[in-house]
Amino acid sequence: DTAVSQTPKYLVTQMGNDKSIKCEQNLGHDTMYWYKQDSKKFLKIMFSYNNKELIINETVPNRFSPKSPDKAHLNLHINSLELGDSAVYFCASSLGLADYEQYFGPGTRLTVT
Amino acid sequence: GIQVEQSPPDLILQEGANSTLRCNFSDSVNNLQWFHQNPWGQLINLFYIPSGTKQNGRLSATTVATERYSLLYISSSQTTDSGVYFCAVFYSGGGADGLTFGKGTHLIIQP
């Protein structure tokens, strides 16, 4: 009965590879997000996706691209992985932007070797 | 962009003690949330509290939006309260619309 789920939970890959992380929410929410938590546990917004509009944090490299096949899913694709991409990635969802509570998935720990 | 500062950064307490965690933010916000990140890395929603006071069991929170701060109170601490407590506010600007997090308070409850 998980509200926001992510797969895989752990992902170990080599530099230069392309990988994807899947996110699904069963809350009926209209807005989804991706956040990155670095090794110092600092959490930062990467993308928000609301009513088919994607808003990108200006600091996110264009190697990262979210794709939403439908309202319940927002998958994260990463091309040409670099060592600095190693982090925990969290997906989240909310009813809408700004005035709504966000709910987070369990996170995906990405390790790039 | 908006600044979110949490204090103290670290806190070590004995089981049964009470604590107050503080979150200051630099601009008006529509949304403020408190999270607990447990030792397994899960982000657990504690409160959605853009203003006012809420209570949930041993935890309570107060946000004074006009003075730009929020407080999280933990009473009768248990070892399972250990982890990192994050305050986050919704901010539109600098690109993506999403939560801006503080650096967290790392709480250790000793038996």
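Computed from a prediction, not measured in an experiment: that's the story for all the values here. Below, chain A is the first sequence line, B the second, and so on; all start at residue 1. What you see below is based on every heavy atom in this structure, not just the backbone, and it leaves out hydrogens, waters and symmetry mates.
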At what distance, to the nearest 0.5 angstrom, does [atom1] of [X] lie from [atom2] of [Y]?
X	Y	atom1	atom2	answer
B:Leu99	A:Phe104	CG	CZ	5.5 Å
A:Lys41	B:His106	NZ	NE2	7.5 Å
B:Asp97	A:Thr31	CG	OG1	9.5 Å

Single-linkage hydrophobic cluster, 4.5 Å side-chain cutoff, [X] and [Y] together:
X	Y	answer
A:Leu110	A:Tyr10	no
B:Leu107	B:Phe47	yes
A:Val4	A:Tyr100	no
B:Leu21	B:Ile109	yes

Neighbour count >12 (heavy atoms, 6.0 Å) for atom [atom1], [X]:
X	atom1	result
B:Glu5	CD	no
A:Asp70	CG	yes
B:Arg22	CZ	yes

| message | Quick check on the interface: out of A:Gly105, A:Ser94, A:Ala98, A:Gly107, who has the most heavy-atom pairs with chain B under 4.5 Å? | response | A:Ala98
| said: Please identify, among A:Lys44, A:Glu101, A:Gln37, the residue contributing the most non-hydrogen atom pairs under 4.5 Å to chain B. | reply: A:Glu101
| message | A side-chain contact here means heavy atoms from C-beta on lying under 4.5 Å apart; do B:Tyr48 and A:Asp99 qualify? | response | yes
| task | Kindly give the heavy-atom pair with the smallest separation between A:Gln102 and B:Asn45, and that separation in Å. | result | O-ND2, 2.8 Å
| note | When every non-hydrogen atom of B:Leu43 is compared with those of A:Leu43, the smallest separation belongs to CD1-CD1, 4.1 Å
| Can you say whether B:Phe101 sits under 4.5 Å from chain A via the side chain, the backbone, both, or neither, judging by heavy atoms? | both
